[in-house]
Undergrad: 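If you scroll down you'll find the structure; I have some questions about it.
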Amino acid sequence: MPTRDDPQPSTREPTTAAIDTLDVVVIGAGFSGLYALHKLRCTGLRVVVLEAEPSVGGTWWANRYPGARVDIQSFEYSYSFSDPLQQDWHWNERYASQPELLRYANHVADRFDLRRHIRLNTRVKSAHFDEAHQRWRISSEDGRQWTARFIVTAIGPLSSPNTPAFEGLSSFEGQVLHTAAWPHEPVDFTGRDVAVVGTGSSAVQLIPLIAAQARTLTVFQRTAAYAVPAHNGPLDPERERQVKADYAGLRARNRKMRSGFGSELAPHPKPAVAVSDAERDAMFEERWRIGGFSLLGAFVDLLTDLRANEHAAEFVRKKIRQIVRDPSTAAALCPTHPIGCKRLCVDSGYYDTYNRPNVTLVDVSREPIHAITPSGLASGARSHTFDTLVLATGFDAFTGPMTRIDLCGRGGVTIQDKWRGGPLNYLGLSIAGFPNLFNLVGPGSTSAFTNVMVALEQHVDWIADCIAWLDAQGHTTIEASAEAEARWITFVNAVAQQTILLSCNSWYLGANIPGKPRVFMPLADGFPAYAQRCAEVARDGYAGFIVQ
Ligand SMILES: Cc1cc2nc3c(=O)[nH]c(=O)nc-3n(C[C@H](O)[C@H](O)[C@H](O)COP(=O)(O)OP(=O)(O)OC[C@H]3O[C@@H](n4cnc5c(N)ncnc54)[C@H](O)[C@@H]3O)c2cc1C
């Protein structure tokens with residue numbers, strides 16, 4: 001229940017009978033959708049959230065694999081909009097696990113009385129803009145319909161699981177699991193022969209836990225991953241007290257960080273290329289000891305200068321060679337691409353797992369997977385037998401959740417046509433030809449390239465202000481102009497070109513999905529610059545937007 005100090009929503013309630021009086025339909029009840037609902041209700045709007053799954057929580061409902069947890073410290077990866085909430089909530093671990101994050105999402109839904117506005121088990125099939133009435137018409141897969149002035153797509157950057165089109169997959173006679181659609185009942189791997197395909201963040205989290213249970217584990221790796229230790233553990237009570245004594249200050253300082261977190265650790269005053277080998281290694285050692293993403297924040301030039309990056313990359317490779325006893329396995333685990341180019345993994349015992357006698361690594365860049373067979377898979381000249389296949393094969397990131405909806409703007413233009421060559425948008429928030437549609441933490445904004453909690457709060461606050469401004473000015477619609485959109489995408493690309501981020505095949509680029517256009521999708525300009533740009537656009541009367 002809301003406390004006395006939490007902002008209170010409007011008492012105007014949408015009912016089934018009043019669906020044509022809705023102001024906003026929010027799609028998705030993950031962290032973005034929950035905050036959008038709360039904030040927009042508090043400004044007096046009538047809002048309904050449509051959620052495909054039977055629960056709130058989004059990412060933290062779907063990704064229930066063993067070891068799933070956040071990679072940013074819990075007290076930073078959490079809502080800041082309500083001080084009573086952040087003071088009351090106690091995080092058990094430094095990096096919250098999936099069950100704890102799901103409990104948090106449910107707590108927020110209850111505390112702010114959100115549930116009566118959320119329709120679960122409601123997958124949006126289509127959303128069409130009705131030009132005559134200047135409203136969106138939304139239909140669910142089971143045939144229910146809504147209309148609203150605004151639509152907010154809170155459908156997540158990573159909510160469309162990717163299953164590669166392996167030949168023979170349906171012929172496999174054992175159990176197939178996907179990390180992003182994990183069963184609700186615990187899976188017992190005891191006595192099983194397990195294969196994991198993929199070595200991205202989810203795989204790095206789950207491999208040590210499966211290895212500890214299974215009879216054998218074979219990991220099929222296409223690209224080796226850089227992983228830094230989480231040093232996870234119970235959250236120190238003294239640390240919690242310090243954070244809560246100045247939570248607002250910490251949040252404000254984090255919002256000044258490019259990544260939206262980590263303000264407690266300043267980078268070295270000099271670039272990595274300007275210090276001695278000993279000084280650089282001492283700094284990397286310190287960050288390795290602290291754990292998490294702090295390694296990438298050690299020097300300001302790690303993501304912009306390949307020479308600097310190579311120092312950090314080689315530091316991690318040395319660690320891998322120290323940890324993994326078998327030299328050929330260690331060599332196969334050493335990545336060759338720049339560190340941070342693909343999302344850095346944060347681990348608990350990942351490399352050490354390869355010292356276990358029941359774990360085998362297969363490098364599928366040398367021995368490609370030809371087919372899944374009834375009893376395993378064929379890769380290179382070998383066949384592998386197992387009874388459980390775990391697909392840790394990631395997501396159709398950023399655009400996948402959107403292009404899976406029949407979304408149609410002005411003049412019958414579909415999102416699939418509009419984004420055929422890549423995700424066109426302005427500020428990541430608005431798409432020319434799709435009036436009164438706001439997209440949260442998707443392509444074109446800092447999104448999953450930063451602390452998503454910080455990004456989503458900024459987006460939602462900006463949208464609430466924008467709607468209030470439209471109403472105050474007597475306007476009906478707002479949408480990006482085609483010119484502003486073109487300039488923005490040129491800018492997003494130009495920013496990526498000034499970094500090391502185009503020098504590998506990452507999901508930021510869509511490279512994990514066959515046929516997807518290669519476009520660097522998130523904005524790599526840092527959160528503060530992005531937020532300032534959005535604020536300036538608003539201050540200048542929503543420059544670059546068409547209002548009617
Ligand atoms: C395993 C994993 C670890 C992560 N770790 C971090 C981290 O450490 N730090 C970080 O900042 N971010 C992390 N992320 C990114 C994470 O997605 C965001 O932090 C955040 O949870 C996104 O919230 P969201 O509400 O925007 O999207 P989501 O949580 O993805 O929620 C979107 C919701 O929309 C629903 N939906 C989608 N399409 C439809 C439709 N057509 N109709 C109805 N409902 C629909 C989905 O069912 C889902 O519930 C991680 C992601 C994953 C997958």
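Each ligand, and each atom within it, is numbered from 1 in the order the structure gives.
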Undergrad: Tell me whether S32 has any N or O atom under 3.5 angstrom from an N or O of ligand 1.
TA: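 So ligand 1 has an N or O lying under 3.5 Å from an N or O of S32.
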
Undergrad: By number and element, which atoms of ligand 1 are closer than 4.0 Å to a non-hydrogen atom of L158?
TA: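 Answer for ligand 1: 51 (C).
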
Undergrad: Which ligand 1 atoms, with their elements, are less than 4.0 angstrom from a heavy-atom of S159?
TA: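 That gives atoms 30 (O) of ligand 1.
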
Undergrad: Can you tell me if T199 uses its side chain to pair, donor with acceptor, with the backbone of T223 under 3.5 Å?
TA: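 Between the backbone of T223 and the side chain of T199 there is a qualifying donor-acceptor contact (under 3.5 Å).
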
Undergrad: Between T450 and ligand 1, find which residue part has any heavy-atom pair under 4.0 Å and reply side chain, backbone, both or neither.
TA: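 T450 to ligand 1: backbone contact only, side chain stays beyond 4.0 Å.
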
Undergrad: List every atom of ligand 1 that sits less than 4.0 Å from any heavy atom of I405, numbering the atoms from 1 in the order shown and giving each element.
TA: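 Counting atoms of ligand 1 from 1, those under 4.0 Å from I405 are 41 (N).
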
Undergrad: Is there at least one pair of N or O atoms, one from S202 and one from ligand 1, spaced under 3.5 Å apart?
TA: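 There is no such contact.
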
Undergrad: N/O to N/O below 3.5 Å, does that happen between T59 and ligand 1?
TA: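 Such a contact does occur with ligand 1.
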
Undergrad: Run the salt-bridge test on R111 and D88 with the 4.0 Å N-O cut-off and return the result as yes or no.
TA: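 Result for this pair is yes, salt bridge flagged.
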
Undergrad: May I ask you to check whether V452 has an N/O atom sitting below 3.5 Å from an N/O atom of ligand 1?
TA: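 Yes, there is a polar N/O contact under 3.5 Å.
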
Undergrad: Charged N to carboxylate O under 4.0 angstrom, R239 versus E264?
TA: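 Salt bridge between R239 and E264, a charged N being under 4.0 Å from a carboxylate O: yes.
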
Undergrad: Which of the numbered atoms in ligand 1 are under 4.0 angstrom from any heavy atom belonging to L50?
TA: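 So the answer, numbered in order with elements, is 43 (C), 44 (N).
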
Undergrad: Determine, using heavy atoms of R343 and all atoms of ligand 1, whether some pair is separated by less than 4.0 Å.
TA: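 For ligand 1, residue contact (heavy atoms, under 4.0 Å) with R343 is present.
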
Undergrad: Backbone, side chain, both or neither: what part of F395 comes under 4.0 angstrom of ligand 1, heavy atoms only?
TA: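 Side chain only.
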
Undergrad: Where the side chain of D130 meets the backbone of W136, is there a donor-acceptor pair that is under 3.5 Å apart?
TA: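 The answer is no, because no donor-acceptor pair under 3.5 Å joins these two groups.
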
Undergrad: Report the member of Y77, Y95, F31 with the shortest heavy-atom distance to atom 20 (C) of ligand 1.
TA: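 The option holding the nearest heavy atom is Y77.
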
Undergrad: Minimum distance, heavy atoms only, to atom 1 (C) of ligand 1: which one of F293, F449, F261, Y65 is it?
TA: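 Of the listed residues, Y65 has the closest heavy atom.
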
Undergrad: Should one rank G28, A105, G67, A154 by closest heavy-atom distance to atom 32 (C) of ligand 1, which comes out on top?
TA: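 Checking each option, the heavy atom nearest atom 32 (C) of ligand 1 is found in A154.
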
Undergrad: Would you indicate which of V49, I155, I27 comes nearest to atom 37 (C) of ligand 1 when only heavy atoms are counted?
TA: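 Shortest heavy-atom distance from atom 37 (C) of ligand 1: I155.
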
Undergrad: What atoms of ligand 1 come closer than 4.0 angstrom to any heavy atom of W60?
TA: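 Within the 4.0 Å cut-off of W60, ligand 1 contributes 3 (C), 4 (C), 5 (N), 21 (O).
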
